[in-house]
Structures are given as structure tokens and as C-alpha cells.
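Since the structure comes first, as C-alpha cells, the remarks are kept for the end.
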Amino acid sequence: MDFNAHIERILWTEEQISARVSELGSQITQDFSNSGSSSSSSSAAPMVVGVATGAFLFLADLVRKIRLPVSVDFVRIESYGSGTVSSGKPKITCDLKIDVRDRNVIVVEDIVDTGNTLLFLMDYLKSKGASSMSVCTLLNKSAKRKVNVEVFGGGKFYCGFEVISLSWTAFFVFF
Ligand SMILES: O=P(O)(O)OC[C@H]1O[C@H](OP(=O)(O)OP(=O)(O)O)[C@H](O)[C@@H]1O
């Protein structure tokens, strides 16, 4: 089987992604080093929560670049099923194992698209008593956003790469 036959074009090389992941890890290390967190309400090292399944590889690369004793957990949230269009109704199909109460949580995503998954997760983490929520996503498709993606408790939004939609690219080429 020719693996490359499934790749239409390469947007970012392995080297570019690796360099960007290192930058994100350094930024997070810096932001969470001084007071133990970006929020003043908790002194514990941040808890990194990957949204499975998509985030697992990015998370593995990212945590090796964060020079802090982070704890790691996963939550499985699905909204696409086997399709490519979001149902708009994310659901937890595998819950967190670690208690997030009074913790500063960094949610790690492979991609933020409509924003529905993060909005759902933000409400969930708030209901579980997390002190703050930051987001670190490898890819961000802000042109596809349907709901506002917010952080809370002094958290930050970290983004690896912004994905420009083809229609916008065509618009700029045309003019
Ligand atoms: O911003 P949104 O429109 O909510 O989309 C983003 C979410 O969609 C994908 O997950 P998916 O539901 O496909 O599950 P998977 O990671 O298991 O493939 C992706 O990994 C994000 O979690």
C-alpha cells in the first residue's frame, strides 16, 4: 500500500511541526513556571488533558517539551463519528480518571474547528471545579468557528498553526 497516495499536499513539514511544538512547550513552561500556574488560585503543576483520539500524538510530543512535572489524562469526546461534518452535539465516551478540582488544566487538541468540542469541555471542566482552563491546539481553523472558544481562570489559548481555508486562499489569489 502506498501511504503517500493518501496525502494530497504537505502543509507543514515534520521539521516545521517539530520546531513549533518546541516553541509551544517552551511558552507553556514559561507561563506556568513562576506561580506554578498561569492562574494564581492554584499552586500545583498543570494537568494536561488530551482530547482523544486525535490529540494523542501531538500531546506526546508536546509534554516532552514542557519542563514541568505535569500530570496527563485523556478524555474521549466525539462529535464527528465516522463522518467529516460535526453533529454539533459532542459527547463524552470515555471520562477523565484524574480529579480536575482546583487544578489548572491545559486541554490539548489536534484541531479546533467549529469549537463545539471545546465549548462542551469548558462547561464540563467548570462543573468539575477546575481552577483554570488553557487550550493548546496543533491546528486552528478559526474560519470554521460556529461558537466562541474561550478559556477561563486566567488560562491562555496556544495555537501551533492557523489553517487557512481554500476559499479564502482563492479569494486572495483572485484579487
Ligand atoms: O471544533 P470541533 O468542530 O468540535 O472539532 C474538533 C474536534 O473534532 C475532532 O475530533 P472527532 O470528534 O473527530 O473525534 P476523534 O478525535 O476521535 O477523531 C478533533 O480531534 C477535535 O476533538
Side-chain angles (χ1 to χ4, degrees), residues 1 3-14 16-18 20-25 27-28 46-66 70-100 103-128 130 132-153 155-169:
M1 188 175 79
F3 182 72
N4 289 329
H6 296 278
I7 300 173
E8 190 178 313
R9 65 192 169 111
I10 292 170
L11 297 176
W12 297 281
T13 64
E14 189 175 349
Q16 287 172 315
I17 294 170
S18 177
R20 187 70 188 117
V21 171
S22 294
E23 286 174 1
L24 290 169
Q27 189 64 57
I28 289 170
M47 180 173 161
V48 176
V49 169
V51 183
T53 311
F56 81 99
L57 281 177
F58 174 48
L59 182 144
D61 290 341
L62 180 69
V63 292
R64 282 178 284 195
K65 301 296 179 186
I66 300 175
V70 296
S71 45
V72 175
D73 201 353
F74 284 90
V75 61
R76 183 183 287 261
I77 302 177
E78 293 176 20
S79 55
Y80 286 81
S82 57
T84 56
V85 178
S86 170
S87 66
K89 290 179 187 158
K91 60 179 182 200
I92 292 178
T93 54
C94 187
D95 207 347
L96 293 165
K97 290 202 165 47
I98 303 176
D99 187 3
V100 297
R103 301 292 302 270
N104 294 296
V105 176
I106 303 171
V107 173
V108 176
E109 271 283 25
D110 55 334
I111 186 163
V112 182
D113 196 341
T114 63
N116 285 323
T117 302
L118 276 185
L119 183 66
F120 173 81
L121 189 51
M122 184 182 77
D123 287 342
Y124 182 72
L125 292 174
K126 275 183 178 172
S127 76
K128 293 287 180 184
S132 73
M133 179 180 107
S134 295
V135 172
C136 185
T137 183
L138 178 62
L139 302 172
N140 186 31
K141 267 189 183 178
S142 45
K144 290 287 201 72
R145 205 71 92 236
K146 289 192 174 154
V147 293
N148 278 341
V149 167
E150 292 172 19
V151 294
F152 67 86
K156 292 187 177 176
F157 187 88
Y158 304 91
C159 167
F161 300 95
E162 184 67 37
V163 180
I164 313 283
S165 76
L166 276 178
S167 55
W168 277 101
T169 310

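As the structure lists them, so they are numbered: ligands from 1, and atoms in each ligand from 1.
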Per-atom contacts of ligand 1 with Asp110, taking only distances under 4.0 Å to non-hydrogen atoms: 19 (C), 20 (O), 21 (C)
Would you check whether Thr117 has a nitrogen or oxygen atom less than 3.5 angstrom from a nitrogen or oxygen atom of ligand 1? yes
Minimum distance, heavy atoms only, to atom 3 (O) of ligand 1: which one of Thr137, Thr114, Val107 is it? Thr114
Please list, chain by chain and in numerical order, all residues satisfying side chain to side chain donor-acceptor pair (under 3.5 Å) with Glu14, sequence neighbours excluded. none
Residue Glu109 vicinity, atoms of ligand 1 by number, heavy atom under 4.0 Å: 19 (C), 20 (O), 21 (C), 22 (O)
What atoms of ligand 1 come closer than 4.0 angstrom to any heavy atom of Gly54? 16 (O)
Where does Val51 meet ligand 1, judged by heavy-atom distances below 4.0 Å: at the side chain, the backbone, both, or neither? side chain
Determine yes or no for a side-chain-to-main-chain donor-acceptor pair under 3.5 angstrom, with Arg64 supplying the side chain and Ser22 the backbone. no
Is there a donor-acceptor contact under 3.5 Å from the side chain of Asp73 to the main chain of Ile98? yes
So, do Asp61 and Ile17 sit near enough that their side-chain heavy atoms are less than 4.5 Å apart? no
State whether the side chain of Arg145 and the backbone N or O of Asp113 hold a donor-acceptor pair below 3.5 Å, judged by distance alone. yes
Find all atoms of ligand 1 within a distance of less than 4.0 Å from any non-hydrogen atom belonging to Glu78, and give their numbers and elements. 12 (O)
CA sep, side-chain torsions, deciding dist, call: Lys144, Thr114, side chain to side chain contact (heavy atoms under 4.5 Å, CB included): CA-CA 5 Å; Lys144 290 287 201 72; Thr114 63; 5.6 Å; no
Based purely on interatomic distance, does Ile111 place a nitrogen or oxygen under 3.5 Å from a nitrogen or oxygen of ligand 1? no
